[in-house]
There are 2 protein chains.
Amino acid sequence: MRVLSKATVYGLRALVYMASERERTGYVSIGEISERLNISFHFLTKTFQTLTQHGILESYRGPNGGVALTKPADQLFLTDIVHVLEGVDFFDKCLLGLPGCGTFAPCPVHDFWKAAKEAMKNEFDNTSLAELGEKVTDDRFRLVA
Amino acid sequence: MRVLSKATVYGLRALVYMASERERTGYVSIGEISERLNISFHFLTKTFQTLTQHGILESYRGPNGGVALTKPADQLFLTDIVHVLEGVDFFDKCLLGLPGCGTFAPCPVHDFWKAAKEAMKNEFDNTSLAELGEKVTDDRFRLVA
DNA sequence: TAGTTTTGGGACAAAATTGTCTTAAATATA
DNA sequence: TATATTTAAGACAATTTTGTCCCAAAACTA
């Protein structure tokens, strides 16, 4: 049951890593993140560029440059990231791929799937990067194989 | 939120179509299904071949040949199909893609995701092709754009 | 100013998924 | 037996996703 593309998975892991570095101030370099999390530097860079373009991150070039969250981590939610990286229709797709599947013209699994999506969206709406970062900092949860 | 590959989506739609043809006896040709559901004939054929190889369908060649469910539609569940087309580890994957993510070494979203997967699996375990086929027969639900 | 570090952006390659086509094998019918 | 119908199987192409590489632009440091 694969729900997120690799680009999104890497982006999320990287953002949670940033959020987990609580006390730290200033920019974090993409090189550091990619090393720590074992993610391809260039691939992550591209994902981060779209996050920057969409206001999730701000970046700064040069020595001591890098990226930083534009808001405190407790104000950035999974839904925000997923909307940018997977599209705003992420929680709005038919399980059987039918375009325009809805209450008026539903597929046979519409009712169940609608509920499942809502539960998922609810969780994503209420889970912040800060919350996930803390779990990593407290060391009971991991971000890397 | 895309969960199933196109191969699985097409396969499922086709199977539900077969189940929806209640009174019918004998084989249904792949050509008929692909026409009715607007699915590429050759692509569907390949998916059906793997379903045949895994005992979900039986096939018969020649005039009046086609495919048929190996069991009554009320004894075939979504989980059966998904296990064949997506793999038996379908309900067992980490949202963040970490290999071996589990209670002992969880990712930060493990608890939520585990529950979500269980809910999903529970629904798939208990939804039969017959149930979905009926919904289509009764005409309140659709399988095609 | 020159050199180093870092992101930005594009070209490009590899791999996986999706889709098309051709031929063979099995079966029925005339 | 010859022909038509249907699935089986594999080659192949197109598309999307994933991954790599190179060079430019921005910023710091000496």
Side-chain angles (χ1 to χ4, degrees), chain A residues 1-15 18 26-70 82 84-87 90 93 96-97, chain B residues 1-15 18 24 26-70 82 85-87 90 93 96-97:
Chain A
M1 196 180 165
R2 203 208 163 140
V3 165
L4 303 172
S5 69
K6 296 243 184 189
T8 301
V9 161
Y10 296 157
L12 266 181
R13 298 222 295 252
L15 290 172
M18 292 173 69
Y27 296 98
V28 183
S29 83
I30 304 178
E32 174 193 329
I33 302 173
S34 74
E35 267 181 36
R36 292 297 218 78
L37 299 188
N38 238 294
I39 298 173
S40 151
F41 168 76
H42 294 285
F43 196 60
L44 181 58
T45 293
K46 279 202 297 192
T47 301
F48 268 8
Q49 278 170 23
T50 76
L51 288 172
T52 300
Q53 287 155 2
H54 286 82
I56 306 284
L57 293 175
E58 59 183 320
S59 66
Y60 199 82
R61 303 199 231 196
N64 299 313
V67 290
L69 302 174
T70 52
V82 155
V84 167
L85 295 180
E86 299 276 346
F90 181 71
K93 290 182 180 153
L96 295 185
Chain B
M1 197 180 165
R2 204 211 161 135
V3 164
L4 302 172
S5 69
K6 296 242 184 186
T8 301
V9 160
Y10 295 157
L12 267 181
R13 298 222 295 252
L15 289 172
M18 290 173 69
R24 225 161 130 180
Y27 297 99
V28 182
S29 83
I30 304 177
E32 174 192 330
I33 302 172
S34 72
E35 266 181 35
R36 293 297 218 79
L37 300 188
N38 238 293
I39 298 173
S40 150
F41 168 75
H42 293 286
F43 197 60
L44 181 58
T45 294
K46 280 202 297 192
T47 300
F48 268 9
Q49 278 170 22
T50 76
L51 288 171
T52 301
Q53 286 155 3
H54 286 82
I56 305 284
L57 293 175
E58 60 184 317
S59 67
Y60 198 82
R61 303 199 231 196
N64 300 314
V67 291
L69 302 174
T70 53
V82 155
L85 296 180
E86 299 276 346
F90 181 72
K93 289 183 181 153
L96 296 185

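These numbers come from the heavy atoms of this one structure, side chains and all, not from hydrogens, waters or symmetry mates. Labels below follow one simple rule: chain letters A, B, ... track the order of the sequence lines, proteins then strands, and each chain is numbered from 1.
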Which pairs would a plain distance check flag for residues 38-45 of chain A, meaning a side-chain donor or acceptor within less than 3.5 Å of a matching protein atom at least two apart in sequence or in another chain?
from: A:Ser40; atom 1: OG; to: A:Phe43; atom 2: N; distance (Å): 3.1
from: A:Thr45; atom 1: OG1; to: A:Phe41; atom 2: O; distance (Å): 2.8

Just list the side-chain donor-acceptor pairs under 3.5 Å for residues 3-14 of chain B, sequence neighbours left out, or say none.
from: B:Ser5; atom 1: OG; to: B:Thr8; atom 2: N; distance (Å): 3.3
from: B:Ser5; atom 1: OG; to: B:Thr8; atom 2: OG1; distance (Å): 3.2
from: B:Ser5; atom 1: OG; to: B:Glu86; atom 2: OE2; distance (Å): 3.1
from: B:Thr8; atom 1: OG1; to: B:Glu86; atom 2: OE2; distance (Å): 2.7
from: B:Arg13; atom 1: NE; to: B:Leu143; atom 2: O; distance (Å): 3.0
from: B:Arg13; atom 1: NH1; to: A:Leu96; atom 2: O; distance (Å): 2.6

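Evaluation of the side-chain contact (heavy atoms from CB on, under 4.5 Å) rule for A:Tyr27 yields A:Glu58, A:Tyr60, A:Ala68 as partners, not counting sequence neighbours.
Minimum heavy-atom separation, B:Ser59 to B:Val67: CB-CG1, 4.0 Å. The heavy-atom pair separating A:Leu69 from A:Met18 by the smallest distance is N-CE, 4.0 Å. Closest non-hydrogen pair, B:Ser34 versus B:Gly31, comes out as OG-O, 3.0 Å. In terms of heavy-atom proximity, A:Leu57 sits nearest to A:Thr70 at C-CG2, 3.4 Å.
Among pairs with a residue in residues 27-43 of chain B, those fulfilling salt bridge (Lys or Arg N to Asp or Glu O under 4.0 Å) read B:Arg24-B:Glu32, at least two apart in sequence or across chains.
Between B:Ser59 and the phosphate of D:dA8, there is a side-chain N or O to OP1/OP2 separation shorter than 4.0 Å.
In the 5' to 3' direction, nucleotides of DNA chain C lying under 4.0 Å from heavy atoms of chain A begin and end at C:dT5 to C:dA11.
Taking atom OH of residue A:Tyr60 and atom P of nucleotide D:dA25, one finds them 18 Å apart after rounding to whole Å.
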List the protein contact pattern of nucleotides 13-24 of chain D with one symbol per nucleotide (5' to 3'): B for base contact, S for sugar-phosphate-only contact, - for none; contact means a heavy-atom distance under 4.0 Å.
-----SBBBB--
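Within 4.0 Å (heavy atoms only), B:Gln53 reaches sugar-phosphate atoms of the nucleic acid but no base atom.
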